[in-house]
Amino acid sequence: MSTTTSTHTIAVIGAGGKMGMRVSNNLQKTDHTVFYSENSPAGQERIAATGRTVTDTETAVTDADVVILAVPDVVLGAVSASVVPQLKSGAIVLTLDPAAAYANLLFKRDDIEYAVAHPCHPSVFVERHTPEEYADTFGGIAAKQEVVAALESENAEARQVAEEVIRVIYAPVIDVHWVTVKQLAYLEPTLVETVACMVGDLLREALHETVHTVGVPEAAARAMLLGHTQVALANTLKGDNPFSDACLIAMEYGRESIIKDDWKKIFSDDQLDHVITRMLHLKEIVR
Ligand SMILES: NC(=O)c1ccc[n+]([C@@H]2O[C@H](COP(=O)([O-])OP(=O)(O)OC[C@H]3O[C@@H](n4cnc5c(N)ncnc54)[C@H](O)[C@@H]3O)[C@@H](O)[C@H]2O)c1
């Protein structure tokens, strides 16, 4: 792959939303020609407040090399059905979550490339130096992160253009990992939303019980939980230190009390379809 980057015409649809604003903030700093489309008045106000100009979707996408669909996943089918027919041949449609691509909801044209790119968010173990890097837990501002992406075709040129744009919208980016759409769907939702985000919410609930049911002062419980969360992750995922023998027994008790025996079923294709149909309010995934 060549390391030279070129300037592209890029359209951001949904530019006033959460991701739309984030990717637009980074695109605005580049030499790319960028058009921002947004259909809600509140989103349009957010765009105007940054000094960017809102363009109607038809104008925004006409000459676009890359169209970023930063709209909610549940409307991606309808939005792609109205946008994709207007694109020039060879354009890249870039979505920011694999669910809709996995569920075959995107309007298809043989002469259009389809890419998905999801930010990993900065690792809990990433080296941070400045206050800005510490504050940037989401990524895309100051803390370095990696990205996982998928391109539906094998087109190397399209992949290079997509990677150039991906490295800008999620900057600063350490690396872009290319996988299949299905592998990306197993990463998000299964690995990170179904498991990691759920476990994070379980920690929040456990803290609440410790404070409100048991009566431990919140500051003490919070300090104990946050420090031990770092130790738990460093020991299990980084191999920093072994757990004590007593801790291993408590962990086994926790697993018996909290985890269902068949929990690993979430890593099967029928369960992946199940969670994605639930997320996108679909009856079924049509293949
Ligand atoms: N929010 C996150 O943390 C996050 C993280 C990674 C990926 N994503 C993905 O990013 C995408 C966008 O999610 P979000 O959370 O930013 O959504 P959001 O609801 O915050 O923003 C979506 C924006 O799209 C606009 N919009 C809807 N239909 C439109 C249309 N037809 N034309 C123009 N604008 C339209 C809405 O008005 C809104 O401003 C989704 O695919 C989501 O899965 C989100």
Side-chain angles (χ1 to χ4, degrees), residues 4-76 78-80 82-84 86-88 90-97 100 112-113 115-122 126 128-147 149 158 160-174 176:
T4 55
T5 59
S6 35
T7 54
H8 307 292
T9 300
I10 300 167
V12 185
I13 315 301
K18 290 185 283 296
M19 291 303 285
M21 290 294 285
R22 292 183 178 116
V23 306
S24 300
N25 288 341
N26 286 344
L27 286 166
Q28 194 180 9
K29 297 175 196 159
T30 69
D31 291 335
H32 297 301
T33 303
V34 190
F35 294 99
Y36 307 96
S37 152
E38 168 59 53
N39 70 355
S40 80
Q44 290 172 351
E45 273 177 35
R46 282 191 289 273
I47 296 170
T50 65
R52 296 189 282 269
T53 307
V54 178
T55 305
D56 67 273
T57 301
E58 198 181 331
T59 311
V61 303
T62 306
D63 291 322
D65 302 305
V66 180
V67 175
I68 301 172
L69 296 181
V71 300
D73 296 314
V74 288
V75 302
L76 268 173
V79 172
S80 65
S82 79
V83 164
V84 172
Q86 304 177 49
L87 304 185
K88 68 181 185 188
I92 299 169
V93 171
L94 177 61
T95 50
L96 308 180
D97 185 281
I112 295 292
E113 298 290 338
V116 189
H118 203 285
C120 294
H121 306 299
V126 79
R128 297 171 193 262
H129 302 282
T130 66
E132 291 75 21
E133 285 173 54
Y134 277 99
D136 184 17
T137 51
F138 191 93
I141 299 172
K144 290 179 187 157
Q145 66 176 332
E146 299 182 46
V147 178
Q160 176 171 340
V161 172
E163 181 157 335
E164 285 169 15
V165 174
I166 289 164
R167 283 182 176 275
V168 167
I169 62 176
Y170 295 139
V173 169
I174 299 165
V176 179

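We number each residue from 1, following the sequence as shown.
Atom NZ of residue K88 and atom OG1 of residue T62 lie 10.0 Å apart, to the nearest 0.5 angstrom. Atoms CD1 and NE2, from I169 and H32 in turn, are 10.5 Å apart once rounded to the nearest 0.5 Å. Separating the CG atom in L87 from the CD1 atom in I112 is a distance of 4.5 Å, to the nearest 0.5 Å. Between the OG atom of S6 and the CD atom of Q160 there is a distance of 7.0 Å, given to the nearest 0.5 Å. For the atom pair E133 CD and K144 NZ, the distance stands at 7.0 Å (nearest 0.5 Å). Atom OG1 of T53 is separated from atom CD1 of I47 by 9.5 Å, given to the nearest 0.5 angstrom.
Side-chain contact between L94 and V116 is absent, with no heavy atoms from C-beta onward closer than 4.5 Å. Contact of the T33 side chain with the H8 side chain is not registered, since no non-hydrogen atoms from C-beta on lie closer than 4.5 Å. At a threshold of 4.5 Å between non-hydrogen side-chain atoms, the residues T130 and Y134 do not count as touching. In this structure, the side chains of I68 and V165 come closer than 4.5 Å at one or more pairs of heavy atoms. Residues I166 and V173 are not in side-chain contact: their nearest non-hydrogen atoms beyond the backbone lie 4.5 Å or more apart.
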> Please walk me through it: do T137 and H121 pass side-chain contact (heavy atoms from CB on, under 4.5 Å)?
Replying inline: CA-CA 7 Å; T137 51; H121 306 299; over 6 Å; no
> Under the side-chain contact (heavy atoms from CB on, under 4.5 Å) criterion, do T59 and T57 qualify, and how do the steps go?
Replying inline: CA-CA 5 Å; T59 311; T57 301; over 6 Å; no
> Going through the checks in order, is the side-chain contact (heavy atoms from CB on, under 4.5 Å) test met by I13 and S37?
Replying inline: CA-CA 5 Å; I13 315 301; S37 152; 3.8 Å; yes
> Between R52 and L27, does a side-chain contact (heavy atoms from CB on, under 4.5 Å) hold up when you go through it step by step?
Replying inline: CA-CA 11 Å; R52 296 189 282 269; L27 286 166; over 6 Å; no
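The backbone N or O of T9 sits less than 3.5 Å from a side-chain atom of D65, completing a donor-acceptor pair.
For P119 against Q145, the heavy-atom pair with the smallest separation is CB-OE1, 3.4 Å. In terms of heavy atoms, A162 sits closest to I92 at N-CD1, 4.0 Å. Residues A149 and V176 share a closest heavy-atom pair of CB-CG1, 3.9 Å. Contact detail for A117 and V147: the closest heavy-atom pair is CB-CG1, 4.2 Å. In this structure, T50 and Q28 approach most closely via the heavy-atom pair O-NE2, 3.8 Å. Counting all heavy atoms, side chain and backbone alike, F138 lies closest to M19 at CZ-SD, 3.7 Å.
Taking the charged nitrogens against the carboxylate oxygens, R128 and D136 have no contact shorter than 4.0 Å, which rules out a salt bridge.
Side chains of E38 and S40: a donor on one and an acceptor on the other come within 3.5 Å. Side chains of R167 and N26: a donor-acceptor N/O pair is absent below 3.5 angstrom, by distance only.
In the displayed structure, E58 atom CD is contacted under 6.0 Å by at most 12 heavy atoms of other residues, nucleotides or ligands.
When each of L96, V12, V93 is paired with L69, the side chain to side chain contact (heavy atoms under 4.5 Å, CB included) condition holds for V93 and for no other.
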